Amino acid sequence: MLESRGSGEDWTLTTGQEWLVDVSGCSPERLKSLAVLVALFEELIVLMELKVVGQPQWHVFPEPGGITGLTLLAESHLSIHTFPEHGFAALNVYCCRPRVCPDFPALLARHLGAQSSHVRELVRGVKA
């Protein structure tokens, strides 16, 4: 599949798209809540029609730390790292098949109380 994303880059093979989302102004309590993060992942999985492979992995750090989560997907992966002491989270979604970009700002405001979300979408692949 040959694609050009308007940035002057020509692709001979796209191997997916990736979203890097920096989330600020979040509720520290939500960033420390495993239940909140599990619900966020579950909603993203449904919205993006992703297929989970195996069991999600979560690591809850001792106070004042946050949580790191990773879900392997048939399409690749979904991960998050939270920093409650800074009201910040780093979310990553990589899909090897095309997907419509979800409304990350609204989703993250609802789940994490985020006041701002910086979303970068990258095309992954082999350049011409």
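Just so you know, these numbers use all the heavy atoms, side chains as well, and skip hydrogens, waters and symmetry mates. Owing to the predicted nature of the structure, the values given are computational and were not obtained by experimental measurement.
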Quick one: hydrophobic cluster around [X], which other residues, with the 4.5 Å side-chain cut-off, linked directly or via members?
| X | value |
| --- | --- |
| V46 | none |
| F83 | F88 |
| L20 | L122 |

Subject >> Under the ring pair (Phe, Tyr, Trp, His ring centres under 6.0 Å) test, residues paired with H118 that sit two or more places apart >> reply: none
**OP:** Hey, could you give me the CG/NE2 distance between L91 and H81, rounded to the nearest 0.5 Å?
**Re:** 9.5 Å
**OP:** Name all residues meeting the salt bridge (Lys or Arg N to Asp or Glu O under 4.0 Å) criterion together with E18; count only those two or more places apart in sequence or in a different chain, and write none if there are none.
**Re:** R124
Original post:
How would you list, by chain and number, every residue that makes a salt bridge (Lys or Arg N to Asp or Glu O under 4.0 Å) with D22, sequence neighbours excluded?
Top reply: R120
**OP:** With sequence neighbours left out, write down each residue that passes side-chain hydrogen bond (donor to acceptor under 3.5 Å, both in side chains) with H77, or none if nothing qualifies.
**Re:** N92
Could you list the donor-acceptor pairs under 3.5 angstrom formed by side chains in residues 95-111, with sequence neighbours left out?
unit_1, atom_1, unit_2, atom_2, d
R99, NE, M48, O, 2.6
R99, NH2, E49, O, 3.1
R99, NH2, E75, OE2, 3.2
D103, OD1, A106, N, 3.3
R110, NH2, E43, OE1, 2.9
R110, NH2, E43, OE2, 2.3
H111, NE2, E43, OE1, 2.7

Please name all residues satisfying side-chain contact (heavy atoms from CB on, under 4.5 Å) with [X], sequence neighbours left out, ordered by chain then number.
| X | value |
| --- | --- |
| S33 | A35, V36 |
| P28 | P84 |
| V60 | I67 |
| S116 | S24 |

